[in-house]
Amino acid sequence: MGVETLRNYIGGEWVASATENFLEVRNPALDEVIARVPLSTPEEVDRAVVAAQTAFETWRRLPLQTRARYLLRLRDRVERHFDDLARTIVQEHGKTLEEARGEMQRTLENIEAAAGMFASLMGYHTPQIADGIDEECILEPVGVFCCIAPFNFPAMIPSWFFPYALVAGNTYIVKPSEVCPITQTRLFELIHEVGFPPGVINMVHGGKEVVDALLAHPGIAGVSFVGSTPVAKYVYATATAHGKRAQCHGGAKNALVVMPDADLERAVPAILSSAFGSAGQRCLAGSLVIAVGEIHRPLTEALVEGASRIRVGYGLEEGVQMGPVVSRKALERIHRYIETGLREEADLVLDGRGIRVPGYPNGYFIGPTIFDGVRPPMTIACEEIFGPVLGIIPARDLEEALAIINGSSYGNAASLFTRDGKAAREFKLRVRAGNVGINIGVAAPIAPYPFAGQKQSFFGDLHGQGMDTLYFFTDRKVVITRWF
Ligand code: NAD
């Protein structure tokens, strides 16, 4: 069977890109090419924007419930193809089938939340603000929005944005990650089946050139970005310099604090799945453990023991708990960080390098890796590794743990494991991170809540998901009325 060449979806039609530049998409467990993705041209971006602008004029005037119903139809189709989509995620990304199902569940929830949530929220009305005078606020759609997506949740992340934008009456362009572009393509096949009016939702594959064309295009009203911090910063600066609204989610370095009174039997599995789930390639992954006081030794022993039992393999196989990382490039970057950790004299207590997975000799595998004796200024404590590498930092008390976290340039997530309500309250109120877990390893907000990074993990003010999207995707118009 030939390798599929992915196409763009513009104005309700599948169109082959005119570019001569393509990238190979590989299955990371097999190191086999499974698709070719076009690096589309600025002219193709322009065509998508024009299609979306044209569609906006009629889409915005449809009754809100009608728009929501398109999303509900999409929801039903996604549910019907739930497992096929999950398998596609495994094939292009490498995570396990169970993890991919979790991602699909979140994708569904976002489509549902958008369809349900906005129905009653597109305005409010105050009668009689003065004699015979009424006032109302109408939330109006703005125009064409786009999202620029990362590789690590190829189905879910665009769903933080486009369902909400569409229900609010905007039209949309998705730019999937060029590393994992297949799942989004499969989702667009379902979008095509639903039969949205042509141009309401479009997809343009590509890399930096497509991003730059979107950021500079006068027809784009706003940009939702998710990816690494340097690119998030660049996209935010460029989009806003072009007068667009922007919400840019960046990278992370999340710490899990374990207090001396923590319930280790429950904390250890939660920490292991936070650090090594999805091979550490989650923006909410715990990549540092801050071990407070005498818990340090028993905790380290339990983590090493538990991590060394994690079964690494091809995500489509039964019983596999951790898949490969996404690409050879990512694998090499992770190896370089481990060498840096050794140079910085952190104590490598579990080394996942050189792992062999029977049957998959070419996969980009690395086993769970743990450094003990990490100190806050070390590179491996400051920089995002985005792989299955966990650093353990010993600390005296909660004060010191908070100082370490709050001194980090990132602020995506932080968790505390304790049985002490007072410590938990102190942590919740003082920690500078947007997604906070108390005895939770991955504090991932459900669809009605904002995905709330802070500091260098987020540029903008209104986040993806939840009520924030209502304001990101609308303009407010206040009307004061008197009838004589
Ligand atoms: P990335 O920054 O390399 O790419 C993200 C997107 O930006 C892609 O669509 C890519 O085509 C585009 N891009 C890359 N370089 C660009 C450039 N120089 N100019 C313009 N566009 C460019 O990120 P990734 O490797 O795909 O994803 C992993 C990163 O995403 C990690 O840092 C992770 O923490 C972050 N992430 C953050 C969140 C969050 O909610 N904060 C969620 C998921 C992932």
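Just follow the structure's listing: the first ligand is 1, and inside any ligand the first atom is 1. Starting from 1, each residue takes its place in the sequence as its number.
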Taking only heavy atoms of G251, which atoms of ligand 1 are found under 4.0 Å from at least one of them?
32 (O), 34 (O)
With sequence neighbours excluded, tell me which residues meet side chain to side chain donor-acceptor pair (under 3.5 Å) with Y410.
none
Atom CD of residue position E98 - does it have more than 12 heavy atoms of other residues, nucleotides or ligands inside 6.0 Å?
no
Given that the side chain starts at C-beta and the backbone is N, CA, C, O, which of these parts of I157 lies under 4.0 Å from ligand 1, counting heavy atoms, or is it both or neither?
side chain
Examine H249 together with W160 and report whether their ring centres are nearer than 6.0 Å.
yes
Counting distance only, does the side-chain N/O of K455 pair as donor-acceptor with the main-chain N or O of S408 below 3.5 Å?
yes
Which protein heavy atom lies closest to atom 20 (C) of ligand 1, and at what distance to 0.1 Å?
V211 CG1, 3.6 Å
Cation over ring, R36 on F22, under 6.0 Å and within 45°?
yes
Proximity to ligand 1 by part of E384, non-hydrogen separation under 4.0 Å:
side chain
My understanding is that only one of T474, N110, N170 makes a side chain to side chain donor-acceptor pair (under 3.5 Å) with Y164; could you say which?
N110
Ring pair (Phe, Tyr, Trp, His ring centres under 6.0 Å) between F145 and Y172, intermediate numbers included:
CA-CA 5 Å; F145 283 84; Y172 213 82; 7.1 Å; no
Counting heavy atoms only, name the option from H463, M156, E178 that's nearest to atom 11 (O) of ligand 1.
E178
Heavy-atom count check: over 12 atoms from other residues, nucleotides or ligands less than 6.0 Å from K233 NZ?
no
For atom 27 (O) of ligand 1, what's the nearest protein heavy atom and its distance?
P150 CB, 3.3 Å
Of G464, G453, G250, the one whose closest heavy atom lies nearest atom 41 (N) of ligand 1 is G250
Just to confirm, does any protein heavy atom lie below 4.0 Å from atom 24 (P) of ligand 1?
yes
Please check whether F151 reaches ligand 1 - meaning an N/O of the residue sits under 3.5 Å from an N/O of the ligand, judged on distance alone.
yes
Would you tell me which option among I148, I385, V226 has the nearest heavy-atom contact to atom 5 (C) of ligand 1?
V226
Nearest neighbour in protein (non-hydrogen) for atom 42 (C) of ligand 1:
C283 SG, 2.9 Å
Distance filter under 4.0 Å to H249 heavy atoms, resulting ligand 1 atoms
39 (C), 40 (O), 41 (N)
For atom 28 (C) of ligand 1, what's the nearest protein heavy atom and its distance?
F386 CE2, 3.6 Å
Under 3.5 Å, is there a donor-acceptor pair between the side chain of E344 and the main chain of T379?
yes
Any idea how F188 and F162 line up, ring-wise: parallel (<30°), tilted (30 to 60°), or perpendicular (>60°)?
tilted
For ligand 1, note which part of W160 has a heavy atom under 4.0 Å away: side chain, backbone, both or neither.
side chain
Test: K329 cationic atom under 6.0 Å from Y364 six-membered ring centre, within 45° of axis
no
Of the protein's non-hydrogen atoms, which lies at the shortest distance from atom 7 (O) of ligand 1, and what is that distance?
F225 CE1, 3.3 Å
K175 neighbourhood, listing ligand 1 atoms whose heavy-atom distance to it stays under 4.0 Å:
8 (C), 9 (O), 10 (C), 11 (O)
Quick one: nearest non-hydrogen protein atom to atom 40 (O) of ligand 1, plus distance?
F451 CE2, 3.2 Å
Part of F153 with heavy atoms under 4.0 Å of ligand 1, whether side chain, backbone, both or neither
neither
Under 3.5 Å: N/O of Y234 near N/O of ligand 1
no
Under 4.0 Å from ligand 1, counting heavy atoms only, is it the side chain of F458, its backbone, both or neither?
neither
If you measure from each non-hydrogen atom of N412 to ligand 1, which part falls under 4.0 Å: side chain, backbone, both or neither?
side chain
Protein residue, atom and distance nearest to atom 8 (C) of ligand 1, heavy-atom basis
A149 O, 3.2 Å
Consider every N or O of S228 and every N or O of ligand 1, then say whether any pair is closer than 3.5 Å.
yes
With under 30° as parallel and over 60° as perpendicular, where do the rings of W59 and F196 fit, or are they tilted in between?
tilted
Checking the side chain of S457 only, and the main-chain atoms of G251 only, is there a donor and an acceptor separated by less than 3.5 Å?
yes
Could you check atom 18 (N) of ligand 1 against the protein and tell me its nearest heavy-atom contact, residue, atom and distance included?
K208 CD, 3.7 Å
For atom 22 (C) of ligand 1, which candidate among V231, L215, N152 provides the closest heavy atom?
V231
I157 pairs by side chain to side chain contact (heavy atoms under 4.5 Å, CB included) with which of V174, I148, N152?
N152
Can you say whether the rings of Y236 and F459 are parallel (under 30°), tilted (30 to 60°) or perpendicular (over 60°)?
tilted
